[in-house]
Amino acid sequence: QVQLVESGGGLVQAGGSLRLSCAASGSIISINAMGWYRQAPGKQRELVATISSGGSTRYADSVKGRFTISRDNAKNTVYLQMNSLKPEDTAVYYCNADLSPGYSYHYRNYWGQGTQVTVSS
């Protein structure tokens with residue numbers, strides 16, 4: 001059984017910071033790309049940041065310079081450091097990963113349950 005579990009969400013004031021974590025657990029052979037997405041009420045889910053197995057990163061224009069994605073391969077964990085938070089960053093943040101579960105060498109896509117980030121003004 002493979003799970004992605006997010007943590008670190010919460011309520012912060014504008015200009016503040018949060019660090020989200022997502023740990024993959026269960027029978028996993030390997031993890032390829034990992035990323036963070038977010039979805040605000042009534043809006044489509046959008047990509048926030050991704051990081052490849054080699055550490056290459058990409059960011060949505062709206063978060064460039066403020067957010068940093070990183071990963072710890074030994075811990076099967078991806079992080080999202082969010083600085084200078086704005087009210088428009090308020091959303092449910094979802095962890096995503098392409099990984100090979102224990103029964104297959106093919107990568108499959110998994111989602112975490114989401115963690116709420118609320119930025120007050």
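No experiment lies behind these values; they were computed from the predicted model shown. Computation of the quantities below employed the complete heavy-atom set of this structure, encompassing side-chain atoms and omitting hydrogens, waters and symmetry-equivalent molecules.
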A.B. asks: Taking all atoms of both residues into account, what is the closest heavy-atom pair of Leu20 and Tyr93, and its distance?
C.D. replies: CD1-CB, 3.7 Å
A.B. asks: How long is the span from the OG atom in Ser52 to the CD1 atom in Ile31, to the nearest 0.5 Å?
C.D. replies: 13.0 Å
A.B. asks: To check you understand the geometry: which heavy-atom pair defines the closest contact between Pro87 and Ser121, and what is its length?
C.D. replies: CG-CB, 3.9 Å
A.B. asks: Validate the cation-pi geometry between Arg71 and Tyr79: distance from NZ or CZ to the six-membered ring centre under 6.0 Å, angle to the ring axis within 45°.
C.D. replies: no
A.B. asks: Show me the pairs that pass ring-ring contact (aromatic ring centres under 6.0 Å, His included) and involve residues 6-56, at least two apart or across chains.
C.D. replies: Tyr37-Trp111
A.B. asks: Give the minimum heavy-atom separation between Thr118 and Gln116, together with the two atoms involved.
C.D. replies: OG1-NE2, 3.3 Å
A.B. asks: Mind listing the closest non-hydrogen atom pair of Ala49 and Leu80 along with its distance?
C.D. replies: CB-CD1, 4.3 Å
A.B. asks: What heavy-atom pair brings Ser53 and Asn32 nearest, and what distance separates the two atoms?
C.D. replies: OG-OD1, 3.5 Å
A.B. asks: Just verifying a value: how many Å separate Ile51 CD1 and Ser56 OG, rounded to the nearest 0.5 Å?
C.D. replies: 8.0 Å
A.B. asks: Is there a side-chain contact between Leu4 and Val78 in this structure, where contact means two heavy atoms from C-beta onward sitting under 4.5 Å apart?
C.D. replies: no
A.B. asks: Can you list the residues that meet the side-chain contact (heavy atoms from CB on, under 4.5 Å) rule with Arg108, with sequence neighbours excluded?
C.D. replies: Pro101, Tyr103, Tyr110
A.B. asks: Would you please name every residue forming a salt bridge (charged side-chain N to carboxylate O under 4.0 Å, His left out) with Glu88, sequence neighbours left out?
C.D. replies: none
A.B. asks: For the atom pair CE (Met34) and OG1 (Thr77), what is the distance rounded to the nearest 0.5 Å?
C.D. replies: 7.0 Å
A.B. asks: With sequence neighbours left out, what residues match Thr68 under side-chain contact (heavy atoms from CB on, under 4.5 Å)?
C.D. replies: Tyr59, Gln81
A.B. asks: Can you tell me how far the OG1 atom of Thr50 sits from the CZ atom of Arg58, to the nearest 0.5 Å?
C.D. replies: 6.0 Å
A.B. asks: Run through the side-chain heavy atoms of Ile, Leu, Val, Met, Phe, Trp and Tyr, join any pair under 4.5 Å, and report what else lands in Val5's cluster.
C.D. replies: none
A.B. asks: Would you say Val48 and Val12 are hydrophobically clustered, going by side-chain heavy atoms of ILVMFWY under 4.5 Å?
C.D. replies: yes
A.B. asks: Could you pull out all residues at least two apart from Lys64 that satisfy salt bridge (charged side-chain N to carboxylate O under 4.0 Å, His left out)?
C.D. replies: Asp61
A.B. asks: Does the side chain to side chain contact (heavy atoms under 4.5 Å, CB included) test come out yes or no for Asn76 and Ile28, once each step is laid out?
C.D. replies: CA-CA 9 Å; Asn76 289 340; Ile28 299 170; 4.3 Å; yes
A.B. asks: Looking only at heavy atoms, what is the nearest atom pair of Leu99 and Ala24, with distance?
C.D. replies: CD2-CB, 4.5 Å
A.B. asks: Are the side chain of Thr90 and the backbone of Val119 linked by a donor-acceptor contact shorter than 3.5 Å?
C.D. replies: yes
A.B. asks: Roughly how far apart are Leu47 CG and Tyr94 OH, rounded to 0.5 Å?
C.D. replies: 14.5 Å
A.B. asks: How about Glu6 and Gln113: does a side-chain donor come under 3.5 Å of a side-chain acceptor?
C.D. replies: yes
A.B. asks: In sequence, state the C-alpha distance, the side-chain angles, and the governing distance for Arg38 and Val117, and then conclude on side chain to side chain contact (heavy atoms under 4.5 Å, CB included).
C.D. replies: CA-CA 9 Å; Arg38 67 186 182 187; Val117 172; over 6 Å; no
A.B. asks: To the nearest 0.5 Å, what is the distance between CZ (Arg66) and CE (Met82)?
C.D. replies: 9.5 Å
